[in-house]
Amino acid sequence: MFKILLVDDEPIIKIGVRKLLEGTDYIIAGTASNGSEALLFLETNSVDIILTDLKMPVMDGIELIRQLQAIAFEGAVLVLSNYSEFELVREALTEGAADYILKTDMTRAHLLEHMEKISQNLCFQNQKRTEAAQIALKQEQNTRKLFLSEIERVLFTSHPISCDIHSLLMADCDSKKQLGLLLISAPFPDTSVQNPFLSQLQSLLPDIFSEVGPLEIIWTPQNQFLVLFLKVNKQELIQSKTRQLLRRAELYFKKCPNVSFGTCDSRIQALRNCYKQCQNALRYMFYLPEKHLFPVEQFSDFSNESNALYHFFSKGIIEAFRTKSVEAFLTEIRGFFSLCSQHFYDPDWVRSCCCRCCEHLMLSLHTAPNDDVISSFVTQLTEAFTVQTLQSKMVDILSPFLLNSPSISVTDNQEIIRALTFIDAHYMEPITLEEIAKQANLNKSYLCRLFKQETNISVFAYVNQVRMRKAAQLLASKNSSLSIGAVASEVGIDDAFYFARKFKEFFGKSPREYRKDVAAGTL
């Protein structure tokens, strides 16, 4: 069916045309007596064909055709004319009319012949527009995929961005244009429920942030997702809408995500920096698990590492083990984590301190656990999601050794403790006896005698023990793709052949055999 608007100031023509089209695929959807009435009708109605006279009061047919061209009318115009109006017909066709028909020749068959010709052309034009729209949509989708791919490269790698994508980012850039970033993470470490939660959360974003502007959603390698706003007029609007997102998530899912956000200008380096700031701000959830909103301007860099704090902590734990004092042990644990929370030390550094302390203590015991047990302990500490969890893990891991191992014997000699701590912190570097003696404030000969007396092992045998156990952990790691030479380098040994020989002396098998046995589950 094709809808027609009939425009003529003669009622007899309107009646006649309506009669001629009865029972056909052409329906008179409306009538008008001049061009102005026709345009008014089109404001609220759509038609396929306009059948118009040329001579009318107020606005004639020629001006109507011009106005239709101005508003990009997609239908067709068929002109009704008399014999004496050929000059007007020629002008109408020049202005954009599709065809004309003489009123004196307007029989049913003749009118339908013109209508059929016009309708076929309309169908053809509609098909071309549809195909063009599909091609444009596909090109837009491909451009969007390329854009998102390049943005991912910009944010997640250090690779340079292409000129085309840089131009797209900078399009319509002015001094007030701002990009906005939201980095959203699940509030729990269980990966089996992270993705479903985040996917449900993602479905809320278009509705909540529609006022902020167009957005793109990118999943990050850290199992988070990033919301990129290409134009932000009001930074405060992002914060208010983010609070709305948290309320909606709590209402729908009974859990709130962790969200960091910031804005920057459209320079590539500014975008990269903003993403890094969002990542850094989000890491504060380690200390603030009850908080869910982390604006980058309020959560800047963490405090610098404190080697003195670690040494006091490690020394205190060793002293507690020496005296088998549960109270002293718990006091040291609580004190260390309290200071870390007060000063907001980097969470990765805090986890590293706990791993080093645990490994140091285990390796210092006369009856140390095997490598698999130590590796399991380190994994638990490394994956601790919050400072409270990390503190609990430390207590859970070390308490059994403090309470149930009668053979625990840890040196309390301060010079040897300093030597052990130095070795533990620098085993990945070339270490000389002079350096160790300097740290212990002893001469080399006395250090060797005292170290053997206190630990029942020579200095460099202990260094070798630490390095071999560390190397075994690297070889056993499921996520490690390091070559044997790279593993050797990681533990401070430059010669891969020397490393392989020492490893086999220590474990009774080569590094390759050890890795193979771990992979096969036979170790």
Side-chain angles (χ1 to χ4, degrees), residues 156-158 191 221-222 305 307 310 314 346-365 367-384 390 393-394 397 419-436 439 451 455 457-523:
F156 307 146
T157 72
S158 58
T191 55
Q222 292 78 31
E305 300 174 1
N307 290 327
Y310 167 69
S314 178
D346 189 299
D348 289 339
W349 178 78
V350 177
R351 294 186 185 98
S352 173
C353 286
C354 293
C355 293
R356 289 161 58 194
C357 180
C358 181
E359 288 181 297
H360 185 186
L361 188 62
M362 297 296 177
L363 293 173
S364 298
L365 302 176
T367 55
N370 63 43
D371 297 323
D372 291 338
V373 172
I374 295 178
S375 179
S376 173
F377 291 160
V378 170
T379 299
Q380 292 179 52
L381 297 174
T382 302
E383 295 177 352
L390 183 58
K393 289 291 183 185
M394 279 290 285
I397 288 170
L420 292 169
T421 302
F422 178 78
I423 294 169
D424 179 64
H426 298 275
Y427 69 89
M428 70 294 295
E429 306 165 6
I431 301 176
T432 65
L433 185 59
E434 288 81 358
E435 290 173 324
I436 301 173
Q439 293 296 320
F451 196 98
T455 65
I457 189 173
S458 71
V459 173
F460 281 104
Y462 181 79
V463 172
N464 185 65
Q465 175 180 292
V466 172
R467 285 174 169 168
M468 293 304 107
R469 291 186 184 278
K470 290 286 186 180
Q473 291 174 15
L474 291 173
L475 292 168
S477 173
K478 294 180 180 179
N479 298 323
S480 174
S481 57
L482 295 175
S483 65
I484 303 302
V487 171
S489 181
E490 285 289 317
V491 297
I493 300 176
D494 295 331
D495 188 333
F497 294 104
Y498 174 79
F499 164 73
R501 178 162 57 84
K502 285 295 184 181
F503 191 92
K504 188 168 185 178
E505 289 176 2
F506 192 85
F507 287 101
K509 58 186 66 180
S510 71
R512 296 185 191 279
E513 291 170 339
Y514 186 90
R515 175 176 273 171
K516 183 177 179 181
D517 288 348
V518 169
T522 58
L523 192 62

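For the pair Pro511 and Phe503, the tightest heavy-atom approach, listed with the atom from each and the gap, is N-CD2, 3.6 Å. Counting all heavy atoms, side chain and backbone alike, Arg351 lies closest to Thr382 at CD-O, 3.2 Å. The two residues Phe507 and Ala472 have their closest heavy-atom pair at CZ-CB, 3.6 Å. The minimum heavy-atom distance linking Ala496 with Ala488 is given by the pair CA-CB, 4.4 Å. Of all heavy-atom pairs spanning Tyr498 and Ile493, the tightest one is CD2-CG2, 3.7 Å. Between Asn307 and Trp349, the closest heavy-atom pair is N-CZ2, 4.5 Å.
By the salt bridge (Lys or Arg N to Asp or Glu O under 4.0 Å) test, Asp495 is found to be paired with no residue, residues two or more places apart in sequence or in another chain being considered. Legend: residues meeting side-chain contact (heavy atoms from CB on, under 4.5 Å) with Ala384, ordered by chain and number and at least two apart, are Thr389, Leu390. With sequence neighbours excluded, the residues that form a salt bridge (Lys or Arg N to Asp or Glu O under 4.0 Å) with Lys470 are Glu359. Shown here are the salt bridge (Lys or Arg N to Asp or Glu O under 4.0 Å) partners of Glu434, two or more places apart in sequence or in another chain: Lys444. For Arg501, the salt bridge (Lys or Arg N to Asp or Glu O under 4.0 Å) partners at least two apart in sequence or on another chain are Glu505.
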*Hey, mind stepping through Cys357 and Tyr310 against side-chain contact (heavy atoms from CB on, under 4.5 Å) and telling me if it holds?*
CA-CA 8 Å; Cys357 180; Tyr310 167 69; 4.2 Å; yes
*asked:* Could you walk me through whether Ile457 and Phe451 satisfy the side-chain contact (heavy atoms from CB on, under 4.5 Å) test, starting with their C-alpha distance in whole Å, then the side-chain angles of each, then the deciding distance to 0.1 Å, before giving a yes or no?
replied: CA-CA 7 Å; Ile457 189 173; Phe451 196 98; 4.0 Å; yes
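Put simply, the side chain of Thr379 gets close to the backbone of Ser375: a donor and an acceptor are under 3.5 Å apart.
Note that CG of Leu475 and CZ of Arg515 are 5.0 Å apart. Values are rounded to the nearest 0.5 Å. Distance check, rounded to the nearest 0.5 Å: CD1 of Ile436 to CG of Leu420 gives 9.5 Å. Taking CG of Leu482 as the reference point, atom CG of Leu474 lies at 6.5 Å (rounded to 0.5 Å). Between the OG atom of Ser510 and the NZ atom of Lys516 there is a distance of 10.0 Å, given to the nearest 0.5 Å. Interatomic distance, Cys358 SG to Gln380 CD, rounded to the nearest 0.5 Å: 9.0 Å.
No side-chain heavy atom of Glu305 sits under 4.5 Å from any side-chain heavy atom of Asp346.
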Output a table of donor-acceptor pairs, distance under 3.5 Å, between side-chain atoms of residues 458-468 and any protein atom two or more places apart or on a different chain; print 'none' if there are none.
residue, atom, partner, partner atom, Å
Ser458, OG, Ala461, N, 3.1
Arg467, NE, Tyr427, O, 2.9
Arg467, NE, Val491, O, 3.0
Arg467, NH2, Tyr427, O, 3.4
Arg467, NH2, Glu429, O, 2.7

